[in-house]
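To keep things clear, I will list the structure first and then write my remarks on it.
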Protein chains: 2
Amino acid sequence: MTTKKPGHPVRGSNTGRPIMVLMDVLGQRWALRILWELREERLTFRQLQERCDQISPTVLNRRLKELRDLDLLDHNGNGFGFTDQGKELGQHLLALNDYAQRWADRTQKTKE
Amino acid sequence: MTTKKPGHPVRGSNTGRPIMVLMDVLGQRWALRILWELREERLTFRQLQERCDQISPTVLNRRLKELRDLDLLDHNGNGFGFTDQGKELGQHLLALNDYAQRWADRTQKTKE
DNA sequence: CTGATTGCTACGTTTTATGTAGCAAATAAT
DNA sequence: ATTATTTGCTACATAAAACGTAGCAATCAG
């Protein structure tokens, strides 16, 4: 796995601009979901698997590694969870949840 | 392509909870990036391709279709761009950009 | 020392994305 | 009217990513 951190190029951007790095990681399957499931409590590898609809361990492991490399998640005796850095990102996901709710209300009203 | 809108099941969630639908879509390759590139101005299909590092038309078309189905993007004589619904999501991406910047500053300080 | 749990790897199959070519419709230029 | 361009998009063969299942070494509990 190639190094992936702010300041380094990622797929589709050689500038290493932080937002590009972040979108590159979050745009991978299950990344957002993993962060979402950790929003309230730390979870073990297998707990995460369950919550993420039995995601394959291959991918889960890969994502966890990436997210830890980026200092968004860490791992201790209580399982995987946010770092201080990551907590702030978790807040954004909560905000996104609020948005999603309103978006759904409005969208469902017009279409079906 | 299967129907994808709030209220309908998505990969890894049969509840159809809006956040799940949103994460399912945004977690696909290039989805976040496409929204990001449209944050300031409308762009044509080919302009989007350029901005997104020459993303293949197959995927670009697929994403645009999904994002339009979800009422996040639309298309008019000036190209593709946000709907009113989508604009709000765009704001969240801008917030994410601010976060990414601070995250990068802090992370780069500690790791290389 | 036995059994369960935890984090993780191997590996063959399926799904998704890539890259290149090109087409039909709309617009602009000659 | 007739080219030439631009635009949105599809076809299709190749490559990359994710899936699903099995299982292993390390830790912890009984």
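Being a predicted model, the structure only gives us computed values, none of them experimental.
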For this session: Look at all strands and tell whether A/Thr44 reaches a base, only sugar-phosphate, or nothing, counting heavy atoms closer than 4.0 Å.
Result: sugar-phosphate
Problem set entry | Protein-nucleotide distance (B/Arg42, atom CZ; D/dT7, atom P), rounded to Å | 15 Å
Problem set entry | Minimum-distance nucleotide (side-chain atoms of A/Trp30 versus C/dT16, D/dC19, D/dG8) | D/dC19
For this session: Look at all strands and tell whether B/Val59 reaches a base, only sugar-phosphate, or nothing, counting heavy atoms closer than 4.0 Å.
Result: base
Exercise. Nearest to the side chain of A/Gln28, which nucleotide is it out of C/dC11, D/dA18, D/dG8?
Worked result: D/dA18
Problem set entry | 5' priority, DNA chain C, between A/Leu43 and B/Gln49 [closest heavy atom] | A/Leu43
Exercise. Can you check the A/Gln47 CD to C/dT5 C1' distance for me, whole Å?
Worked result: 11 Å
For this session: State which of C/dA17, C/dT9, D/dC9 makes the closest approach to the side chain of B/Asn61.
Result: D/dC9
Exercise. Which listed nucleotide (C/dG22, C/dA17, C/dG7) is nearest to the side chain of B/Arg62?
Worked result: C/dA17
For this session: Could you check how far NE2 of A/His75 sits from C1' of C/dT5, rounded to whole Å?
Result: 12 Å
Problem set entry | Sole candidate of A/Val25, A/Val21, A/Leu26, A/Ile19 that passes side-chain contact (heavy atoms from CB on, under 4.5 Å) when paired with A/Met23 | A/Ile19
For this session: Starting from the 5' end of DNA chain D, give me the residue, B/Gly79 or A/Arg63, whose nearest nucleotide shows up first.
Result: B/Gly79
Exercise. Which part of the nucleic acid, if any, lies within reach of B/Arg29 when heavy atoms closer than 4.0 Å are counted: base, sugar-phosphate only, or nothing?
Worked result: sugar-phosphate
Seminar exercise, completed: When every non-hydrogen atom of B/Thr44 is compared with those of B/Gln47, the smallest separation belongs to N-OE1, 2.8 Å
Exercise. Would B/Asp105 and B/Arg102 pass as an ion pair if we require N to O under 4.0 Å?
Worked result: no
Exercise. In terms of side-chain heavy atoms of B/Pro57, which of D/dT21, D/dC9, D/dC19 is nearest?
Worked result: D/dC9
Exercise. Are the side chain of A/Gln49 and the backbone N or O of A/Ile55 linked by a donor-acceptor pair below 3.5 Å?
Worked result: yes
